[in-house]
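The structure under discussion appears below in the form of structure tokens.
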Amino acid sequence: MPASHDIAVSSTRRALYALGLFAIASAVFYGVFSAVEYPWNWSGVWQYREQFFHGWLSTMGLSLVAMVVSIAFGFLLMLGRRAPWLPVRMGCGSVVEVVRGSPLLVQLLIGHYIIAQALNIDQPLFTGIILLGCFEGAYLAEIFRGAVESISASQLEAARAVGFSKAQTYRFVIIPQALRRALPGTTGQLVSLIKDSSLLSVIGIEELVQKVKIMNAANFAPLEGYLPLALAYLVVTIPLSHLARRLEGRFAYET
């Protein structure tokens, strides 16, 4: 039987399983809210649909920029933690431990209201993106470091044997293999970044969660805005996870 037929059957089976799980989850969800007998009022949510969409676009835009910052910052920290100079290793290690060991909310408040004010930076969006990117970058640094250090020493010795410089060793030997190994953890951290962006409202950025709070307060509706909020995040995080799985399969090779 051709391989294409097997792939089609597997895809059909997965689709049926997904529909079944969705039906079960919908039934459970409906049963729980029916038992509560909550008086739904969706008219206010519909009136604020444009504000909701603008908030979603703001969240996605700042999350995308923060992703780039976090990947670059995490890669630099990873290189610093593997540097041959002890002060550099200790400095980068201290940054990773301090950032990972303290809450993002505290870092946002101190970074915006103290450090940014001392530097005369009055741009909450810029400050929020940098702080969010640095926070997630500290976690990515450890993911990258674990992936790099998982490369066997024999391959590094082979790279040196053929005359590769350190930069060439990273480019042609380490990074291609570490990329696949770091994909699952990196994807999870980027999904976390999108969700953590909701905390940027504490420094005055009107992203999606802040728009929903304003909408709910204006309509005295505590729940109606949060269900579309959850769906708005899932619209982004589920395809991101699916893309990472496809990339992981594409880079699947023996090492």
Side-chain angles (χ1 to χ4, degrees), residues 54-83 88-148 170 175 178-179 181-211 229 232-241 243-244 247:
H54 291 160
W56 183 80
L57 289 180
S58 298
T59 294
M60 295 305 105
L62 64 88
S63 296
L64 180 61
V65 179
M67 284 181 186
V68 176
V69 173
S70 66
I71 292 173
F73 186 63
F75 187 74
L76 291 176
L77 281 178
M78 181 272 293
L79 293 178
R81 298 207 67 180
R82 293 177 52 82
V88 175
R89 293 202 304 270
M90 293 182 62
C92 292
S94 299
V95 171
V96 170
E97 295 303 327
V98 170
V99 173
R100 294 200 311 165
S102 55
L104 175 59
L105 178 60
V106 174
Q107 295 179 30
L108 289 173
L109 294 174
I110 294 177
H112 178 69
Y113 292 108
I114 297 180
I115 299 176
Q117 296 299 323
L119 298 175
N120 294 321
I121 300 176
D122 191 20
Q123 297 292 333
L125 185 60
F126 173 79
T127 305
I129 289 175
I130 296 299
L131 292 172
L132 180 61
C134 290
F135 179 80
E136 304 295 342
Y139 288 88
L140 289 177
E142 289 299 279
I143 295 173
F144 296 160
R145 185 173 67 88
V148 168
Y170 267 98
I175 292 180
L179 177 62
R181 303 181 186 188
L183 267 176
T186 300
T187 303
Q189 203 58 48
L190 295 181
V191 169
S192 178
L193 182 151
I194 296 174
K195 295 184 293 183
D196 288 342
S197 66
S198 61
L199 291 176
L200 296 181
S201 60
V202 301
I203 60 175
I205 299 177
E206 290 194 1
E207 40 71 60
L208 181 57
V209 174
Q210 183 66 10
K211 293 289 188 181
L229 173 65
Y233 278 108
L234 289 173
V235 164
V236 179
T237 57
I238 291 179
L240 180 61
S241 299
L243 175 62
L247 289 175

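What you see below is based on every heavy atom in this structure, not just the backbone, and it leaves out hydrogens, waters and symmetry mates.
Of all heavy-atom pairs spanning L131 and G111, the tightest one is CD1-CA, 3.9 Å. Closest of all the heavy-atom pairs between A147 and A182 is CB-CB, 3.8 Å.
Remark: L76 CG to F144 CZ distance equals 10.5 Å, nearest 0.5 Å. The CD1 atom of I110 sits 10.0 Å away from atom CG of L105, with the distance rounded to the nearest 0.5 Å. With rounding to the nearest 0.5 Å, the separation of CZ in R181 from CD1 in I143 is 15.5 Å.
Exactly one residue among I129, T127, L199, L125 makes a side chain to side chain contact (heavy atoms under 4.5 Å, CB included) with I205. That residue is L125.
With contacts defined as side-chain heavy-atom distances shorter than 4.5 Å, the pair F126/I130 qualifies. The closest side-chain heavy-atom distance from I194 to L190 is not below 4.5 Å. Between F135 and L108 the shortest side-chain heavy-atom distance does not fall below 4.5 Å. Side-chain contact between S241 and V191 is present, with at least one heavy-atom pair separated by less than 4.5 Å. At least one side-chain heavy atom of Y233 sits under 4.5 Å from a side-chain heavy atom of S198.
Residue pairs meeting the salt bridge (charged side-chain N to carboxylate O under 4.0 Å, His left out) criterion with at least one member in residues 65-82, sequence neighbours excluded: R81-E142, R82-E149. Note on residues 122-139: no pairs pass salt bridge (charged side-chain N to carboxylate O under 4.0 Å, His left out), not counting sequence neighbours. Among residues at least two apart or in separate chains, side-chain hydrogen bond (donor to acceptor under 3.5 Å, both in side chains) pairs with a member in residues 103-120 are S102-Q107.
For E207 (side chain) and Q210 (main-chain N/O), a donor-acceptor pair under 3.5 Å exists by modelled atom type.
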